[in-house]
Q: 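Here it is, the structure in full.
What you see is a predicted model; the values in this text were computed from it and never measured.
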Amino acid sequence: MAFRGSLQDIRLFVAAYEEKSFTAAAQRENSTQSGVSHHIRQLEMLLDVKLFVREKAGVSATPVADLLYRHCIELLRSLEQASIDVARFKGGYEGSFTVGIIPALTHRIAAPALLRFNALHPNVKVRIVEAYSTILPSMVAADDVDFAICTLQGGAPGVEARALFTTPECLASRHDPQDGEAWPGAPVNIIWASGMEARRTAIIAALAAKGVEIGASFEVDSALASLDLVSRSDWRMVNPLVMFDPVADAGRLRVRPLDDLSFDVMLLRRTSTQLAPEAEAFAEIMIEEARRATDAWGVASAVTAG
């Protein structure tokens, strides 16, 4: 049987049940005694049961009223929670966007940025696509993503880039308590992402300036797989400092910043379109999280960076 009563019927029933008086219920709900009585009679007719026994001192609930009260309380609590949840969506941006982000930033920066953004703008639908800088410009040009946060690896027609932030590049290797302060003397095995020839050339030159030669190399287009491989073996990788955590990674990785070699992060968008305010807000939070992650190394680097 479908329930055809109103929310007002339920609220006045609950008030009468708890106050054990139609008069007190009316005062509590800013109604009248006759109004409460009318709603209760309406409920009794709809449900075809007697809910209250009228007495000189007020009313007493019937057993079926006890049952109905428990269900009504659950309903009112659910509605109250729904009101609280919906209130979170007031005041922020609305809309949606898709952003392409390089793996070096999805590993540690994207998640806290997304959590902060969602707390401020819960009514914005965000879709994150992880991809390398070699393909993100073409994805922006093709409208596969609304914008991208990456390094700029070659241009694409109709795509505009602007600088977001810079973080140091660093050489990461497996943590070894016996490892001294000196840079590796023997040739090192390096993991590269495919493509990115200009960045690779700059890294090789920076390592050479430290007296580090390149031995064997792997091409692995997975940041997480590369990290796992480095932590399990003598293979090394060069990645931006924000990819590593000075506390969580201290026991498994040795991180050495490369002087004068920076990882420059850009925002790419189509020249013909204006970035939506909610997308700009997300980019700003990404910048803040990247700075926070880099600054964390300023505190802990003397101990963990080597």
Side-chain angles (χ1 to χ4, degrees), residues 101-110 112 132-133 150-151 153 163-266 286-287 289-306:
I101 305 178
I102 52 176
L105 300 180
T106 56
H107 178 57
R108 285 193 61 230
I109 306 304
Y132 281 94
S133 295
C150 62
T151 57
Q153 297 292 323
L164 286 186
F165 60 87
T166 296
T167 188
E169 293 268 30
C170 56
L171 177 68
S173 58
R174 181 180 57 179
H175 175 74
D176 184 352
Q178 305 303 318
D179 198 3
E181 295 299 317
W183 286 76
V188 299
N189 300 328
I190 292 287
I191 302 169
W192 306 103
S194 61
M196 305 184 187
E197 284 77 11
R199 178 169 174 255
R200 188 179 302 193
T201 299
I203 289 171
I204 292 172
L207 290 174
K210 296 290 187 182
V212 180
E213 297 181 16
I214 306 295
S217 63
F218 271 157
E219 286 197 355
V220 180
D221 285 337
S222 168
L224 293 180
S226 298
L227 280 170
D228 191 34
L229 185 59
V230 168
S231 68
R232 294 170 181 266
S233 66
D234 291 331
W235 286 86
R236 293 169 169 85
M237 66 192 298
V238 175
N239 277 86
L241 196 64
V242 293
M243 189 171 175
F244 305 99
D245 189 315
V247 176
D249 290 329
R252 68 177 188 136
L253 297 174
R254 176 77 180 269
V255 178
R256 292 180 171 94
L258 292 167
D259 300 333
D260 302 323
L261 184 61
S262 62
F263 187 84
D264 301 320
V265 177
M266 317 292 287
M286 285 285 290
I287 294 172
E289 288 299 321
R291 287 173 178 165
R292 177 197 57 76
T294 301
D295 290 346
W297 281 96
V299 175
S301 59
V303 178
T304 59

Q: When rounded to the nearest 0.5 angstrom, what distance separates CZ in R252 from CG in D245?
A: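 CG of D245 is found 9.5 Å from CZ of R252.
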Q: Report yes or no: does Y132 contribute a side-chain atom to a donor-acceptor pair with the main-chain N or O of S222 at less than 3.5 Å?
A: yes
Q: Measuring from atom CZ of R291 to atom OG1 of T166, what distance do you get when rounded to the nearest 0.5 angstrom?
A: 9.5 Å
Q: Do T294 and T167 pass the side chain to side chain donor-acceptor pair (under 3.5 Å) test, and can you show the C-alpha distance, the side-chain angles, and the key distance before you say yes or no?
A: CA-CA 7 Å; T294 301; T167 188; 3.0 Å; yes
Q: Which atom pairs, one a donor and one an acceptor, fall under 3.5 Å between side chains of residues 188-195 and the rest of the protein, sequence neighbours left out?
A:
| residue | atom | partner | partner atom | Å |
| --- | --- | --- | --- | --- |
| N189 | OD1 | A216 | N | 3.1 |
| S194 | OG | D221 | OD1 | 3.1 |
| S194 | OG | D221 | OD2 | 2.7 |

Q: Restricting to non-hydrogen atoms, name the atom on N239 and the atom on R199 that form the minimum distance, rounded to 0.1 Å.
A: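 Smallest heavy-atom distance, with atoms named: CA-NH2, 3.7 Å.
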Q: If every non-hydrogen atom of I214 is compared with every non-hydrogen atom of L207, which pair is closest and at what distance?
A: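 Scanning both residues, the minimum pair turns out to be CD1-CD1, 3.6 Å.
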Q: Using the side-chain contact (heavy atoms from CB on, under 4.5 Å) rule, take W183 and L258 through it: C-alpha gap first, then chi angles, then the decisive distance, then the call.
A: CA-CA 11 Å; W183 286 76; L258 292 167; 3.5 Å; yes
Q: How about M266 and S133: do any of their side-chain heavy atoms sit closer than 4.5 Å?
A: no
Q: Evaluate the side-chain contact (heavy atoms from CB on, under 4.5 Å) criterion for residues V265 and L105: first the C-alpha distance (whole Å), next the side-chain angles of each, then the deciding distance (0.1 Å), finally the verdict.
A: CA-CA 10 Å; V265 177; L105 300 180; 3.9 Å; yes
Q: Give a yes or no on whether a salt bridge exists between R232 and D228, defined as a side-chain N under 4.0 angstrom from a carboxylate O.
A: yes
Q: Looking at every non-hydrogen atom in both residues, tell me the closest pair between A293 and R108 and how far apart they are.
A: CB-NH1, 3.9 Å
Q: Search all heavy atoms of A104 against all heavy atoms of F263 and return the closest pair with its distance.
A: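 Looking at all heavy atoms of both residues, the closest pair is CB-CZ, 4.4 Å.
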Q: Is the shortest side-chain heavy-atom distance between K210 and L171 below 4.5 Å?
A: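 No. Closest side-chain heavy atoms not under 4.5 Å.
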Q: Should R254 and D176 count as an ion pair when the cut-off is N to O under 4.0 Å?
A: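 Judged by the 4.0 Å cut-off on N to carboxylate O distance, R254 and D176 do not form a salt bridge.
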Q: For the pair E169 and R256, find out whether any cationic side-chain nitrogen is under 4.0 Å from an anionic carboxylate oxygen.
A: no
Q: Distance check, rounded to the nearest 0.5 Å: L164 atom CG versus I287 atom CD1?
A: 4.5 Å
Q: To the nearest 0.5 angstrom, please state how far the SG atom of C150 sits from the CG atom of D264.
A: 11.5 Å
Q: What's the separation between atom OG in S173 and atom CZ in R236, rounded to the nearest 0.5 Å?
A: 5.0 Å
Q: Identify the heavy atoms of M237 and S226 that sit nearest to each other, and give their distance.
A: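 Minimum heavy-atom separation between M237 and S226: CE-CB, 3.7 Å.
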Q: Should I109 and M286 be marked as a side-chain contact (heavy atoms from CB on, under 4.5 Å) after you check the CA-CA gap, both sets of side-chain angles, and the distance that decides it?
A: CA-CA 7 Å; I109 306 304; M286 285 285 290; 4.0 Å; yes
Q: Mind checking whether M243 and L227 have side chains closer than 4.5 Å, heavy atoms only?
A: yes
Q: Would you say H107 and L224 make side-chain contact, with heavy atoms under 4.5 Å?
A: yes
Q: To the nearest 0.5 angstrom, please state how far the CD1 atom of I204 sits from the CD atom of E213.
A: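 The CD1 atom of I204 sits 12.0 Å away from the CD atom of E213.
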Q: Scan for ring-ring contact (aromatic ring centres under 6.0 Å, His included) pairs involving residues 193-230, sequence neighbours excluded, and state none if there are none.
A: F218-W235
Q: If you compare all heavy atoms of L229 against all heavy atoms of S233, which two are closest, and at what distance to 0.1 Å?
A: O-OG, 2.6 Å
Q: May I ask you to say whether R292 pairs ionically with E289, meaning some side-chain N is under 4.0 Å from a carboxylate O?
A: yes
